[in-house]
Structure formats: C-alpha cells, structure tokens
*Asks:* 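One structure, pasted below without further comment.
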Amino acid sequence: MATPAHVAIIMDGNGRWAKARGMPRLAGHRAGVEALRKTVRAAPGLGISYLTVYAFSSENWSRPKSEVSDLMGLLKMFIRRDLAELHQSGVRVRIIGDRAGLQSDIRGLLDEAETLTAANESLTLVIAFNYGGRDEIVRTAQKLAAAVARGELDAESISAESFAGALDTQGIPDPELVIRTSGELRLSNFLLWQAAYSELVFLPCYWPDFSREHLAEALREFAGRERRFGGLGGQDVASRPAAG
C-alpha cells in the first residue's frame, strides 16, 4: 500500500510528559511545539502531502485561564517564529475551525499565514484551531440551511459530496491515516466527518517524544492494513468515497 497522502495527528500528552518530569504544563506544551516542528520537516520526505494537526479544540477553552493564555502565546510564537521557514520550505498553511470570537491579533496571524503561503506546494499543513468536529458539522449544516432559505440551493440536491465540500476542509482530501499519541484510544471530536474511513493508529508515546521514527512506524502499520471501505476487500484505493 502506498504512503497516505494525508495524515492527521492528535497531538496528545504534553501535560503528562511535563508532570512525569516534575515540570510545569507550559514546559510540556513548549516541547510539543518542537515536536511539531520536527514532524512538519519530516513529512514531505516520507511522502506525505497533507498534514493536519489538532492544535486547540473548541473544548480547550474550559482549561484554566493561565493555560489557555500560555497556549495562545505559543500559537503566536509559532507563527511569528516559524512562518518564514515554512514559507521558504514551500509549506502551505490552512487553518480550520471557528474563527468567530477569536482575538483580532490571532485572527490576523492566521490570515497572514494562509495568505503568505497560499501558492506553496511541498506540503499542506492544516492547523485545527478552535476546532471541534461536531461544531464544524453544525456550522456547515447552518450554512447550507441558510442557502436553502435564501432560495440559492435546493435541499434535495444536498449530497454527502456537496456537504463535504462545504466543510472547513473543502478542497483537502480526507485523511487516510489518523495518529493519536499518549495511548488514549479515541478521536476526541477530531475530523468526525473526514475520518469516517481513516485508518487509526494509537501510539503510547507522549507527543513531545514523537519523532520521525514514530511517524515512520505509523506509516508502516498503515501499509500493512487492507482498506475495504465497507466492501469485501480487494478494492482499489481509487474507489474510496470522494473527499470534499
């Protein structure tokens, strides 16, 4: 089986990594940013064209204000510090998630990252920020319902394909592989629509310890699986459900 074009990662375990070392949670998040840098650099060389990372969920706002503030600061630092390198390396940045209600400086940085890198082609880095899979589906349903109410869309014409095309990930193929670190065995509201036929790989390492070899290990496990898409096996990958 060929390398998956799109790999999505739930970057989990920063806090537990720090706790195990007697360090504050912020230290774990900082180490997690460094692991992300290494993963982005490694992805193109492993044949990955799209890399989606779960950076900040819509549920993360319930964490202590100090931790949320730290996470916002790390996001700003990552974009300001790494955007030039990402652009120079040919990485295209896409942001998915609900931007309504975000601080103007954060929205500005997200817009800048997307605009500056829009024409790049070596890798598409999709950052899920203020993102929740259920929220994305609800927002998409509301958008289509509003179009029907305005008479711009026939409700009967809405299909799985057209719905997928209205999601935050429009124009991005569904992930063939979803990786989660830290040993947790759940999706945690991540890409619920898009991951319907994804292969799932759960690794016991905490995210700050994630390396190129861990990524390669997950790709090897993916290569050993048979993807049937509800059939009896032997189907060509090209027959999988269309992405949005």
Side-chain angles (χ1 to χ4, degrees), residues 3-21 23-57 60 67 70-96 109-110 113-114 116-117 120-129 131 172 175-184 188 190-191 198-223:
T3 298
H6 186 176
V7 175
I9 304 179
I10 302 173
M11 307 180 294
D12 193 22
N14 290 346
R16 280 166 285 172
W17 180 92
K19 183 179 181 180
R21 289 160 176 76
M23 303 166 70
R25 290 179 63 85
L26 177 57
H29 293 312
R30 285 175 173 164
V33 170
E34 184 56 35
L36 173 58
R37 290 189 181 104
K38 293 176 181 177
T39 302
V40 171
R41 291 166 185 159
L46 292 170
I48 297 168
S49 299
Y50 296 85
L51 176 67
T52 297
V53 294
Y54 206 2
F56 189 86
S57 80
N60 285 158
E67 183 171 355
D70 288 340
L71 289 169
M72 294 301 107
L74 286 174
L75 172 73
K76 295 176 187 177
M77 183 184 302
F78 176 77
I79 293 178
R80 288 169 178 159
R81 174 177 167 181
D82 293 73
L83 186 55
E85 178 185 340
L86 292 171
H87 184 44
Q88 187 176 16
S89 300
V91 177
R92 176 192 179 199
V93 177
R94 279 280 302 272
I95 311 295
I96 61 173
L109 284 172
L110 300 181
E114 288 188 315
L116 177 65
T117 65
N120 294 340
E121 298 181 345
S122 70
L123 172 74
T124 297
L125 173 62
V126 184
I127 301 175
F129 182 78
Y131 175 86
I172 298 172
E176 294 102 324
L177 172 63
V178 175
I179 301 169
R180 180 169 187 155
T181 57
S182 86
E184 301 292 350
S188 294
F190 182 52
L191 299 179
S198 300
E199 295 297 320
L200 309 179
V201 172
F202 300 100
L203 298 177
C205 68
Y206 294 137
W207 174 247
D209 291 326
F210 190 83
S211 65
R212 186 184 190 281
E213 181 52 37
H214 286 107
L215 181 55
E217 175 188 342
L219 296 179
R220 287 193 294 270
E221 182 167 341
F222 173 86

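Small disclaimer: the values here were computed from a predicted structure and weren't measured.
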*Asks:* Could you pull out the closest heavy-atom pair between Arg94 and Thr124, with the gap in Å?
*Replies:* CG-CG2, 4.2 Å
*Asks:* Is the closest side-chain heavy-atom distance between Glu121 and Ser49 below 4.5 Å?
*Replies:* no
*Asks:* Say you draw a straight line from OH of Tyr54 to CD1 of Ile127; how long is it, rounded to the nearest 0.5 Å?
*Replies:* 14.5 Å
*Asks:* Are any non-hydrogen side-chain atoms of Glu176 and Ser198 less than 4.5 angstrom apart?
*Replies:* no
*Asks:* I need the minimum non-hydrogen distance between Gly28 and Pro208, along with the two atoms involved.
*Replies:* O-CG, 3.7 Å
*Asks:* Going through the distances and angles, do Leu46 and Thr3 end up as a side-chain contact (heavy atoms from CB on, under 4.5 Å)?
*Replies:* CA-CA 8 Å; Leu46 292 170; Thr3 298; 5.5 Å; no
*Asks:* Looking only at heavy atoms, what is the nearest atom pair of Ala218 and Leu177, with distance?
*Replies:* O-CD2, 4.1 Å
*Asks:* Sequence neighbours left out, what passes side chain to side chain donor-acceptor pair (under 3.5 Å) with Arg212? Give chain and number order.
*Replies:* none
*Asks:* Can Glu67 and Arg25 be counted as an ion pair, charged N to O under 4.0 angstrom?
*Replies:* yes
*Asks:* Should the heavy atoms of other residues, nucleotides or ligands under 6.0 Å from CZ of Arg81 be counted, would the total exceed 12?
*Replies:* no
*Asks:* Evaluate the side-chain contact (heavy atoms from CB on, under 4.5 Å) criterion for residues Leu125 and Thr117: first the C-alpha distance (whole Å), next the side-chain angles of each, then the deciding distance (0.1 Å), finally the verdict.
*Replies:* CA-CA 10 Å; Leu125 173 62; Thr117 65; over 6 Å; no
*Asks:* Do the side chains of Leu109 and Lys76 get nearer than 4.5 Å, heavy atoms only?
*Replies:* yes
*Asks:* Under the side-chain contact (heavy atoms from CB on, under 4.5 Å) rule, what do Phe210 and Thr39 come out as? Steps first, then yes or no, please.
*Replies:* CA-CA 8 Å; Phe210 190 83; Thr39 302; 3.5 Å; yes
*Asks:* For the CG atom of Asp12 and the CZ atom of Phe190, what is their distance to the nearest 0.5 Å?
*Replies:* 11.5 Å
*Asks:* Side chains of Val126 and Ile172: does their closest heavy-atom pair fall under 4.5 Å?
*Replies:* yes
*Asks:* Between Arg41 and Ser89, is any side-chain donor less than 3.5 angstrom from a side-chain acceptor?
*Replies:* no
*Asks:* Ignoring hydrogens, what is the shortest heavy-atom contact between Phe202 and Glu184? Give both atom names and the distance.
*Replies:* CD2-O, 3.0 Å
*Asks:* When rounded to the nearest 0.5 angstrom, what distance separates OG in Ser182 from CD1 in Ile10?
*Replies:* 9.0 Å
*Asks:* Please report the interatomic distance CD1(Ile95) to CG(Leu110), rounded to the nearest 0.5 Å.
*Replies:* 5.0 Å
*Asks:* Determine whether Asp82 and Val33 make a side-chain contact, defined as any pair of heavy atoms from C-beta on separated by less than 4.5 Å.
*Replies:* no
*Asks:* Can you give me the closest heavy-atom contact between Phe56 and Leu71, atom names plus distance?
*Replies:* CE1-CD1, 3.7 Å
*Asks:* With sequence neighbours excluded, tell me which residues meet salt bridge (charged side-chain N to carboxylate O under 4.0 Å, His left out) with Glu34.
*Replies:* Arg37
*Asks:* Quick one: pull up CG in Leu219 and CD in Glu213 and give me the separation to the nearest 0.5 Å.
*Replies:* 10.0 Å
*Asks:* Are the side chains of Arg30 and Leu74 in touch, meaning some heavy atoms are under 4.5 Å apart?
*Replies:* yes
*Asks:* Is a donor from one side chain sitting under 3.5 angstrom from an acceptor on the other, for Asn120 and His87?
*Replies:* yes
*Asks:* With sequence neighbours left out, write down each residue that passes side chain to side chain contact (heavy atoms under 4.5 Å, CB included) with Ser122, or none if nothing qualifies.
*Replies:* Val91
*Asks:* Can you check whether Ile9 reaches Thr52 side chain to side chain, under 4.5 Å on heavy atoms?
*Replies:* no
*Asks:* What's the separation between atom CG in Leu83 and atom CD in Gln88, rounded to the nearest 0.5 Å?
*Replies:* 11.5 Å
*Asks:* Got a donor-acceptor contact below 3.5 angstrom from the Trp207 side chain to the Gly13 backbone?
*Replies:* no
*Asks:* For the residue pair Val93 and Leu86, establish whether any side-chain heavy-atom pair is separated by less than 4.5 Å.
*Replies:* yes
*Asks:* Return the minimal non-hydrogen interatomic distance between Asn14 and His29, and the atom names on each side.
*Replies:* ND2-ND1, 3.3 Å
*Asks:* Regarding Asp209 and Arg16, does a basic nitrogen lie under 4.0 Å from an acidic carboxylate oxygen?
*Replies:* no
